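Notes to accompany the following structure.
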Amino acid sequence: LCNWAAEVMKKVGMNPRVVPLGVDTKAYKPIIGHIDINGEIITQEALKKGIGLKGDEFLVGMVAANIDHRKNLELQLRVFAEFWRRHPDVRIFLKTNPSPLAGGWDMVKLTQKLFGLSAEDPASPVFMTMHEHTDATTEQMCRGYNSFDVYLGAAYAEGAGLPLMEATACFPAGTQV
């Protein structure tokens with residue numbers, strides 16, 4: 001709970017507790033150029049290959065819960081589809097839930113509608129990791145964020161915006177966000 005919300009709650013007689021929120025920068029950090037456990041230098045190309053891409057694509061990343069329309073997934077994908085038509089080598093990595101839970105989108109149908117291809121089609125620009133209860137380790141998420149060339153997060157409304165904070169923590173110092 002943020003300070004603003006706590007003040008609003010106090011005005012109606014509640015006694016809220018503010019809980020500071022942040023990102024563990026020991027877990028979410030730039031790793032490109034570092035040495036991995038095999039003694040190899042981590043490259044963005046290798047990270048992209050690690051998630052199933054060729055490695056030389058321009059990769060847009062999105063991480064968002066598909067729980068309602070406030071996450072704006074449909075508009076973000078529609079804008080990306082237009083970008084893809086002009087730059088066919090670009091790919092988007094989308095970590096979300098494929099089901100329309102709590103008013104969200106049917107991501108499989110939406111992808112088919114916008115791109116004319118299923119997410120499983122090798123020609124599809126959409127590379128998704130979508131499961132009913134999608135979960136990834138902190139290390140997997142850090143590697144994913146480091147593989148992105150751009151992070152896309154344009155929700156109508158956010159809670160804390162943790163994915164944006166995590167992605168930002170993984171970009172090298174001086175990167176424009």
Side-chain angles (χ1 to χ4, degrees), residues 23-66 71-98 105-132 134-155 158 161-177:
V23 173
D24 180 356
T25 56
K26 288 185 169 98
Y28 292 98
K29 61 188 176 200
I31 60 171
I32 294 170
H34 293 213
I35 307 296
D36 68 14
I37 59 172
N38 299 319
E40 301 289 326
I41 296 175
I42 298 171
T43 65
Q44 190 176 41
E45 179 182 0
L47 292 171
K48 289 177 183 180
K49 287 180 178 179
I51 58 172
L53 298 173
K54 292 183 301 184
D56 61 349
E57 304 90 343
F58 184 86
L59 183 60
V60 175
M62 281 179 65
V63 176
N66 185 20
K71 296 296 184 171
N72 206 14
L73 296 177
E74 189 269 342
L75 179 61
Q76 291 182 78
L77 283 177
R78 195 164 11 110
V79 169
F80 175 79
E82 193 59 39
F83 184 71
W84 169 67
R85 286 181 184 83
R86 296 178 190 170
H87 306 278
D89 291 336
V90 70
R91 296 291 177 263
I92 189 165
F93 181 92
L94 175 58
K95 181 183 180 294
T96 192
N97 184 305
W105 297 95
D106 182 327
M107 298 306 293
V108 174
K109 286 182 182 175
L110 181 60
T111 301
Q112 189 108 32
K113 174 185 162 191
L114 292 175
F115 300 98
L117 303 162
S118 73
E120 294 79 30
D121 188 318
S124 175
V126 181
F127 182 81
M128 292 188 230
T129 175
M130 301 190 308
H131 307 285
E132 286 305 318
T134 190
D135 201 10
T137 67
T138 300
E139 182 183 353
Q140 289 169 326
M141 291 304 299
C142 178
R143 293 176 77 79
Y145 290 131
N146 274 272
S147 72
F148 302 161
D149 292 293
V150 171
Y151 179 80
L152 176 60
E158 270 295 346
L162 274 175
L164 176 59
M165 287 190 269
E166 292 168 351
T168 303
C170 291
F171 293 144
T175 301
Q176 293 187 10
V177 180

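The analysis underlying the following values was restricted to heavy atoms, covering all of them including side chains, and did not include hydrogens, waters or symmetry mates. Note that the structure is predicted; figures quoted are calculated from it, not measured.
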Between R78 and E82, is there a salt bridge with N-O shorter than 4.0 Å?
no
Verdict with supporting geometry, M62 and Q76, side chain to side chain contact (heavy atoms under 4.5 Å, CB included)
CA-CA 9 Å; M62 281 179 65; Q76 291 182 78; 3.7 Å; yes
Could you tell me whether the side chain of [Y] reaches within less than 4.5 Å of the side chain of [X], counting heavy atoms only?
{"X": "F58", "Y": "D89", "result": "no"}
{"X": "L110", "Y": "L114", "result": "yes"}
{"X": "L162", "Y": "M165", "result": "yes"}
{"X": "M107", "Y": "T96", "result": "yes"}
{"X": "L53", "Y": "F93", "result": "no"}
{"X": "P163", "Y": "Y151", "result": "yes"}

To the nearest 0.5 Å, tell me how far [X] [atom1] sits from [Y] [atom2].
{"X": "L73", "Y": "L77", "atom1": "CG", "atom2": "CG", "value": "6.5 Å"}
{"X": "L117", "Y": "T111", "atom1": "CG", "atom2": "OG1", "value": "10.0 Å"}
{"X": "K54", "Y": "D56", "atom1": "NZ", "atom2": "CG", "value": "5.0 Å"}
{"X": "I92", "Y": "F80", "atom1": "CD1", "atom2": "CZ", "value": "5.0 Å"}
{"X": "I32", "Y": "F171", "atom1": "CD1", "atom2": "CZ", "value": "9.5 Å"}
{"X": "I51", "Y": "R91", "atom1": "CD1", "atom2": "CZ", "value": "12.0 Å"}

Side chain [X], main chain [Y], donor-acceptor under 3.5 Å:
{"X": "T25", "Y": "Y28", "answer": "no"}
{"X": "E57", "Y": "V90", "answer": "no"}
{"X": "N38", "Y": "E40", "answer": "no"}
{"X": "N72", "Y": "A154", "answer": "yes"}

Answer yes or no: does atom CD1 of I35 have more than 12 heavy-atom neighbours from other residues, nucleotides or ligands under 6.0 Å?
yes
Taking only distance into account, with no hydrogens and no angle test, what donor-acceptor pairs under 3.5 Å do side-chain atoms of residues 140-150 form with protein atoms, sequence neighbours excluded?
unit_1, atom_1, unit_2, atom_2, d
Q140, OE1, T137, N, 2.8
Q140, OE1, T137, OG1, 3.3
Y145, OH, E166, OE1, 2.7
N146, OD1, I31, N, 3.0
N146, ND2, K29, O, 3.0
N146, ND2, C142, O, 2.9
S147, OG, G144, O, 2.6
D149, OD1, Q44, NE2, 3.4
D149, OD2, K48, NZ, 2.7
D149, OD2, L59, N, 2.7

